[in-house]
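Quick notes on the structure that follows.
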Amino acid sequence: MTIIVHHLENSRSQRILWMLEELQLPYEIRRYERNTATMLAPPELKRVHPLGKSPVIEDTETGLVIAETGAIVEYLVDLADGKLGSPAKRDDALRYRFWLHYAEGSLMPPLLVKLVLTRVPIFGKAAQKRIQPMIDVHLDYVEAELAKRPWFAGDAMTAADVMMSFPLEAARSRGGLDESRPATIAWLDKVHARPAYQTALAKGGPYAYA
Ligand SMILES: N[C@@H](CCC(=O)N[C@@H](CS)C(=O)NCC(=O)O)C(=O)O
């Protein structure tokens, strides 16, 4: 069995490479470059999945094609017999589920809006100022939570941390996350120092956010 990862440069799919390295599952990477004018994915990705987004994985054993980071992460947890999955303690399990959904459901949208606004001339600058306070509410919340425990769900690293890595990398790059939120920065540094993260980085090719 091999997992084929359709990996777009500088994108959410970096998380899947990290996850696969943590789980030590066999995988191979098909890397795609963005269109330099639009920053969109190339049309080949639409031949893999109708949405044409990354990440998408293919499981060579079952022939299944799976899109959406959270769904992929849960699929991989199952393949690895629950490793990095929901913790046994109820509070940890509730936090695990919360952060797993929060990453794409709540934190990514305002960061994406800000990114789009950086490309809008004149009006974009003023609008970015309106969106930053919304991002700050999220970053303050994340900081308060990470000040209480080493990983998002509790004492152990889980797939919830994998999900949270890309939005927080994006926040550090363009969302105002800096040393004024030390617990979050320490968490990011700890993630980036993990051998599995470093191996994923080496295999995935250049990545702007680590
Ligand atoms: N919520 C989806 C978002 C997928 C997504 O928008 N991926 C971006 C990469 S960060 C993409 O493929 N962008 C290129 C495009 O939209 O053409 C997920 O987490 O998988």
Side-chain angles (χ1 to χ4, degrees), residues 3-23 25 27-59 64-79 84-86 96-120 124 131 134-135 138 142 152-153 158-175 177 188 191-192 197 200-201 203-210:
I3 300 291
I4 299 170
V5 186
H6 295 274
H7 171 49
L8 180 68
E9 62 164 333
N10 297 328
S11 83
R12 289 160 164 95
S13 50
Q14 192 68 37
R15 285 181 291 199
I16 302 304
L17 307 185
W18 175 31
M19 179 85 180
L20 284 159
E21 286 295 335
E22 292 283 353
L23 296 176
L25 291 172
Y27 69 101
E28 87 194 39
I29 300 171
R30 307 254 161 95
R31 185 179 155 104
Y32 303 78
E33 308 298 319
R34 292 176 185 268
N35 178 303
T36 49
T38 64
M39 298 308 283
L40 293 176
E44 298 97 275
L45 266 175
K46 281 218 169 76
R47 289 202 283 272
V48 184
H49 186 280
L51 293 177
K53 305 265 183 203
S54 178
V56 175
I57 63 162
E58 290 177 65
D59 182 333
L64 286 169
V65 174
I66 298 166
E68 193 64 42
T69 316
I72 294 170
V73 157
E74 292 200 69
Y75 183 81
L76 297 179
V77 165
D78 285 350
L79 269 189
L84 296 187
S86 190
Y96 170 84
R97 188 186 291 157
F98 172 83
W99 294 111
L100 204 74
H101 289 274
Y102 171 89
E104 284 295 319
S106 288
L107 186 50
M108 271 316 289
L111 289 166
L112 197 60
V113 170
K114 187 164 182 204
L115 172 68
V116 171
L117 290 172
T118 60
R119 301 196 184 125
V120 176
I131 196 88
M134 297 179 202
I135 296 174
H138 286 290
V142 167
F152 275 100
T158 66
D161 296 282
V162 175
M163 286 303 294
M164 285 298 289
S165 61
F166 184 75
L168 291 177
E169 287 169 345
R172 179 145 76 171
S173 156
R174 58 171 186 261
L177 173 60
L188 263 178
V191 163
H192 291 165
Y197 190 97
L201 209 51
K203 289 188 185 169
Y207 179 63
Y209 303 127

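Counting starts at 1 for both ligands and their atoms, following the listed order.
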Exercise for the section: Please answer whether the main-chain N or O of T158 pairs with a side-chain N or O of D161 as donor and acceptor at a distance below 3.5 Å. Expected result: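 Here the side-chain-to-backbone pair exists.
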Exercise for the section: Examine distances only and state if a side-chain atom of E9 and a backbone atom of R34 form a donor-acceptor pair shorter than 3.5 Å. Expected result: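 Flag set: sc E9 to bb R34 pair under 3.5 Å.
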Exercise for the section: Identify the residue among I3, V162, T69 that makes a side-chain contact (heavy atoms from CB on, under 4.5 Å) with I16. Expected result: T69
Practice task
Going by the side-chain contact (heavy atoms from CB on, under 4.5 Å) test, name the single residue among Y102, Y96, W99 that passes it with F152.
Solution key: W99
Handout entry: N-O pairing of E21 and K203 below 4.0 Å
Key =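 A salt bridge is present here (some side-chain N lies under 4.0 Å from a carboxylate O).
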Among all protein heavy atoms, pick the one closest to [atom] and tell me residue, atom and distance.
{"atom": "atom 19 (O) of ligand 1", "value": "T69 OG1, 2.6 Å"}
{"atom": "atom 17 (O) of ligand 1", "value": "A41 N, 2.8 Å"}
{"atom": "atom 16 (O) of ligand 1", "value": "K53 NZ, 2.5 Å"}
{"atom": "atom 2 (C) of ligand 1", "value": "E68 OE2, 3.2 Å"}
{"atom": "atom 3 (C) of ligand 1", "value": "R12 NE, 3.5 Å"}

Exercise for the section: Find out whether K53 and L8 are in side-chain contact, i.e. whether some heavy atom of one side chain is under 4.5 Å from a heavy atom of the other. Expected result: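 Sidechains of L8 and K53: no contact.
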Handout entry: Heavy-atom side-chain proximity of M164 to L107 below 4.5 angstrom
Key =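 Contact flag for M164/L107 side chains = yes.
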Problem - Subset of ligand 1 atoms that lie under 4.0 Å from at least one heavy atom of P55 - result: 20 (O)
Handout entry: Side chain, backbone, both or neither: the part of L8 lying under 4.0 Å from ligand 1 by heavy atom
Key = side chain
Handout entry: Pick from G52, S11, S54: the one approaching atom 8 (C) of ligand 1 most closely through a non-hydrogen atom
Key = S54
Handout entry: M108 heavy atom under 4.0 Å from ligand 1
Key = no
